Amino acid sequence: MKKPRTDSPLLLVNIGQLLTLRSGGDSGPWRGAALKELGIIEDGAILCMGGNIVSVGKTKDAVRDQWIKKNGKNIVEIDCSNKVVLPGFVDSHTHPAFVSPRLVDFEKRIAGATYEQIADAGGGIRSSVEAVRKAGKSQLSEKILCALNEMAAGGTTTLEAKSGYGLSLDSELKSLEAIREAAAKWAGTVVPTLLGAHVVPKEFQDRRKEYVDLVCEEMIPQAAKRKLARFVDVFCDRGAFNEEDSLRIFAAAQKSGLGIRAHVSQLARTSLKRILRFRPASLDHVDHVNDSDISLLGSSDTVATLVPGANYFLGLDKYPPARKLLDAGVAIALASDYNPGSSPTTSMPFVLSLACTQMKMSPAEAIAAATINGAWALGLHHRKGSIETGKNADLAIFDVPDYREIPYWIATDMCAAAFASGSIIASSRGFERS
Ligand SMILES: [Zn+2]
């Protein structure tokens with residue numbers, strides 16, 4: 001199946017609030033007060049052609065434009081009165097390559113078991129592995145495509161997708177191939193990440209070092225050679241991989257020319273000093289960071305990606321210290337962490353809501369973290385994350401007059417439509433092109 005394409009120019013007019021997130025340049029991910037500047041245009045208009053944005057401004061100027069007047073018949077026009085248009089969300093941390101929900105774990109957790117008790121009893125990440133190993137590539141790819149479509153329905157147009165439930169050379173490569181197959185059928189953008197170092201598989205139980213050898217010497221070079229991954233990720237935490245393992249994996253990723261990101265300090269603190277020397281694009285979770293970690297992050301270009309959906313679903317009282325991180329100048333992104341064990345949600349609006357209510361981020365900060373800083377976390381800031389001339393026409397239209405309503409309405413689908421490179425990838429709430 002070919003990707004859908006729209007060849008006609010697309011014109012969005014009468015936009016109640018157009019959130020451009022036009023940046024002040026290219027000087028790194030957004031921090032501090034910059035995250036509050038959404039660059040709002042009231043009664044805005046956007047013209048898109050050939051999959052990209054060609055102009056952004058006021059509706060009154062767009063309707064006077066000579067080129068638009070002349071080509072009116074060929075232009076697909078969309079009336080966005082009383083609506084908010086913003087850059088499609090960039091969900092920079094997801095795990096869609098799995099087969100089934102983990103309902104036994106869910107019930108155990110409700111009955112009081114902890115994340116680690118569940119893992120020790122054979123649940124957790126390892127319990128998703130068997131099904132992924134047995135699954136055919138096309139079965140896996142269908143599951144992934146369903147998730148991509150669900151994400152689009154919530155306004156996501158770009159996402160990072162990790163492997164990590166195969167944990168053998170063949171099954172990790174199969175997962176990455178399934179991600180590629182699903183991505184080819186979706187008009188949004190998918191950035192693949194090899195997460196072979198998610199947890200040590202059962203057959204390597206007491207041979208962690210040998211498993212790390214397999215990741216470094218086989219998985220990473222093969223994924224790189226076959227161009228199946230752009231990043232390598234490690235779950236660096238208690239019960240998974242330690243700092244030494246992670247540094248070895250980072251070195252192997254660098255050697256193969258892949259980018260680096262890591263799950264870190266979700267369950268217990270890992271000092272970030274040596275990890276940051278590898279200049280990872282993103283460090284994710286960061287629940288347990290101390291002042292020295294925070295100040296190191298603040299002076300780096302590494303994005304701290306917060307995934308409050310996991311804290312919510314695990315029933316934790318504590319959330320990552322977003323305000324402290326923001327005050328220290330750390331560049332924050334927000335992501336869904338979509339996965340069957342700890343964050344089974346594809347909804348970025350829900351993540352934004354958690355960021356506001358549980359981590360005390362303002363609605364503006366949450367939107368910037370979920371768009372432009374998500375793009376920085378994936379190295380896609382030149383093409384994604386803001387509505388500016390020359391960038392991809394990746395847009396989300398919300399059926400609300402004020403952007404603050406996006407995180408305000410909890411678990412309510414307010415996204416009317418999403419466009420990726422100018423092609424419509426989701427629509428609801430009676431949305432129609434005029
Ligand atoms: Zn994760």
Side-chain angles (χ1 to χ4, degrees), residues 89-98 101-102 105 109 115-116 118-119 123-129 132 143-144 147-148 151 156 158-167 172 175-176 179 190-200 215 229-241 245-246 249-250 253 259-268 270 275 280-289 302-314 316 319-320 332-348 350-351 354-355 369-370 374 377-378:
F89 293 121
V90 180
D91 188 351
S92 57
H93 180 146
T94 87
H95 303 251
F98 63 88
R102 292 215 294 262
D105 293 4
R109 190 172 304 109
Y115 183 96
E116 284 149 309
I118 289 168
I125 295 164
R126 288 188 190 93
S127 66
S128 289
V129 169
V132 167
K143 291 269 177 192
I144 295 165
L148 301 184
M151 288 174 188
T156 298
T158 295
L159 57 105
E160 182 255 20
K162 305 173 196 292
S163 65
Y165 296 110
L167 307 184
E172 285 296 306
S175 300
L176 291 170
I179 290 170
V190 178
V191 176
T193 292
L194 170 67
L195 178 56
H198 201 181
V199 75
V200 178
V215 172
R230 210 176 302 163
F231 287 95
V232 170
D233 192 346
V234 186
F235 187 14
C236 174
D237 218 317
R238 192 170 66 202
F241 296 88
D245 301 331
S246 305
I249 291 166
F250 292 163
I260 291 164
R261 51 204 321 112
H263 289 65
V264 68
S265 303
Q266 178 188 7
L267 307 168
T270 301
I275 288 176
S282 175
L283 292 179
D284 300 19
H285 287 282
V286 295
D287 291 71
H288 298 275
V289 278
T302 295
V303 175
T305 301
L306 310 183
V307 290
N311 299 64
Y312 167 81
F313 190 75
L314 295 173
L316 306 179
Y319 281 73
I332 285 185
L334 286 168
S336 69
D337 192 13
Y338 172 66
N339 80 79
S342 61
S343 190
T345 181
T346 53
S347 169
M348 287 298 279
F350 176 59
V351 171
L354 290 174
L378 296 178

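Quick caveat: nothing in here was measured; it's all calculated off a predicted structure. Whatever order the structure lists them in is the order used to number ligands and atoms, beginning at 1.
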Taken to the nearest 0.5 Å, the spacing of Ile125 CD1 from Arg102 CZ works out to 6.5 Å
Between the side chains of His263 and Asp284, is a donor N or O closer than 3.5 angstrom to an acceptor N or O? no
Shortest-distance N, O or S atom of Asp337 relative to the Zn ion (ligand 1): OD1
Of all N/O/S atoms in His95, the name of the one nearest the Zn ion (ligand 1): NE2
Would Asp284 count as a contact for the Zn ion (ligand 1), in the sense that one of its N, O or S atoms lies under 2.8 Å from it? no
Got a sec: is His285 within less than 2.8 Å of the Zn ion (ligand 1) via an N/O/S atom? no
Angle between ring planes, Tyr312 versus Phe350, binned at 30° and 60°: parallel, tilted or perpendicular? perpendicular
May I ask you to decide if the ring planes of Tyr165 and Phe98 are parallel, tilted or perpendicular, using 30° and 60° as cut-offs? perpendicular
